[in-house]
Amino acid sequence: MGTGTGQMRKAIFAVVSAILLLAPAIASAQDNGKLNASPGPDVIKSCQTCHGAGGNSSIGSTPRLNGQQAAYLSRRLRLFRETATKPLHPSTDMLGAVSHLSDAAISSVANYFAKQPPTEPDAISTPLAAEGERIYQSGIKSENVIACKLCHDAHGKGHGDVPRLAGQHKDYMKNEIMLFSVKFRDNKLMHPNAENISAHSLDAVAAYLAKD
């Protein structure tokens with residue numbers, strides 16, 4: 001990745017911290033008996049405490065949920081719920097709350113945010129962003145990185161349980177790639193790309209896709 005071990009550890013810590021930002025809000029909803037098979041407006045409001053109105057987060061380390069693929073959001077929430085019961089996973093209020101969510105509740109939350117108007121990426125206005133577009137569309141043969149569009153759609157919209165990337169925060173995307181590179185996040189297709197892409201190329205792709 002072209003970064004030192006210390007920098008990568010800091011990046012991983014930052015992303016894990018971002019994941020846990022929802023902890024107080026969801027834990028509060030749970031304490032008030034709001035989490036059930038069909039979560040209502042109060043639960044959605046709790047999510048928006050960290051992720052912004054309609055899921056349009058204004059915090060670079062907190063992912064935007066608006067317009068995200070519902071199947072992807074559902075899968076991520078179910079993974080949180082499953083890992084919350086594993087002894088090797090850190091015990092947190094966030095994971096504890098998710099462990100009590102039913103499949104119906106997860107689908108309800110995911111569908112709500114998926115239906116919100118997505119944030120569109122910035123227009124290509126820099127050489128770095130233009131380079132990122134070329135990488136996204138064609139890959140990097142010298143780095144053994146395949147074209148991102150092959151999975152994430154030519155415009156970064158994603159499909160099914162493949163996430164939307166267009167309009168996401170730059171810092172969040174870069175940190176997630178680092179998590180894939182050290183296999184903190186598990187995805188057989190993402191591991192080799194994340195391991196092989198250089199720091200500069202990653203910056204370029206993020207500049208092309210992001211809205212900050």
Chemist: Would you mind listing every ring pair (Phe, Tyr, Trp, His ring centres under 6.0 Å) that reaches into residues 106-131, with sequence neighbours excluded?
Modeler: none
Chemist: Test of understanding: clusters of I, L, V, M, F, W, Y form through side-chain heavy atoms closer than 4.5 Å, transitively. Do L189 and I135 belong to the same one?
Modeler: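 As far as the 4.5 Å side-chain criterion goes, I135 and L189 are not connected within one cluster.
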Chemist: Tell me, which pairs form a salt bridge (charged side-chain N to carboxylate O under 4.0 Å, His left out) where one or both residues lie in residues 136-154, sequence neighbours left out?
Modeler: none
Chemist: Please list, chain by chain and in numerical order, all residues satisfying side chain to side chain donor-acceptor pair (under 3.5 Å) with N56, sequence neighbours excluded.
Modeler: R64, T119
Chemist: Would you say S107's side chain and D103's backbone share a donor-acceptor pair under 3.5 angstrom?
Modeler: yes
Chemist: If you look only at distance, which donor and acceptor atoms sit under 3.5 Å apart when one is on a side chain in residues 204-212 and the other is two or more places apart or in another chain?
Modeler:
{"from": "K211", "atom 1": "NZ", "to": "D122", "atom 2": "OD1", "distance (Å)": "3.0"}
{"from": "D212", "atom 1": "OD1", "to": "H169", "atom 2": "ND1", "distance (Å)": "2.9"}
{"from": "D212", "atom 1": "OD1", "to": "K170", "atom 2": "N", "distance (Å)": "3.4"}
{"from": "D212", "atom 1": "OD2", "to": "K170", "atom 2": "N", "distance (Å)": "3.0"}

Chemist: So L73 and Q69, do their side chains get closer than 4.5 Å, heavy atoms only?
Modeler: no
Chemist: Between H159 and H152, is there a donor-acceptor pair closer than 3.5 Å when you use the side chain of the first and the backbone of the second?
Modeler: no
Chemist: For A70 and A110, work out which heavy atoms get closest and say how close.
Modeler: O-CB, 3.5 Å
Chemist: Grab the two heavy atoms, one from V145 and one from N193, that are nearest each other, plus how far apart they are.
Modeler: CA-OD1, 3.5 Å
Chemist: Evaluate the side-chain proximity of H200 to L128: yes if any heavy-atom separation is below 4.5 Å, no if none is.
Modeler: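 A side-chain contact under 4.5 Å exists here.
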Chemist: Identify whether I124 and L202 are in the same connected component of the hydrophobic contact network (ILVMFWY, side-chain heavy atoms under 4.5 Å).
Modeler: yes
Chemist: Do M190 and R185 make a side-chain contact, defined as non-hydrogen atoms from C-beta onward lying under 4.5 Å apart?
Modeler: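 No - every pair of side-chain heavy atoms lies 4.5 Å or more apart.
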Chemist: Within the 4.5 Å heavy-atom criterion, are Y172 and S61 side-chain neighbours or not?
Modeler: no
Chemist: Among H51, Q116, R164, which residue meets the side-chain contact (heavy atoms from CB on, under 4.5 Å) test with N66?
Modeler: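 Between N66 and the candidates, side-chain contact (heavy atoms from CB on, under 4.5 Å) is satisfied uniquely by Q116.
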Chemist: Which residues satisfy the salt bridge (charged side-chain N to carboxylate O under 4.0 Å, His left out) test with R75, sequence neighbours excluded?
Modeler: D161
Chemist: Counting only N and O atoms by type, is there a donor-acceptor contact under 3.5 Å from the side chain of S181 to the main-chain atoms of M178?
Modeler: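 Pair found, side chain donor or acceptor close to backbone of M178.
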Chemist: Other than V162, what residues sit in its cluster of Ile, Leu, Val, Met, Phe, Trp and Tyr side chains whose heavy atoms are under 4.5 Å apart, directly or through others?
Modeler: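 Hydrophobic cluster check, V162: no partners found.
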Chemist: Give a yes or no answer on whether the side chain of T62 reaches the backbone of S58 with a donor-acceptor pair at less than 3.5 Å.
Modeler: no
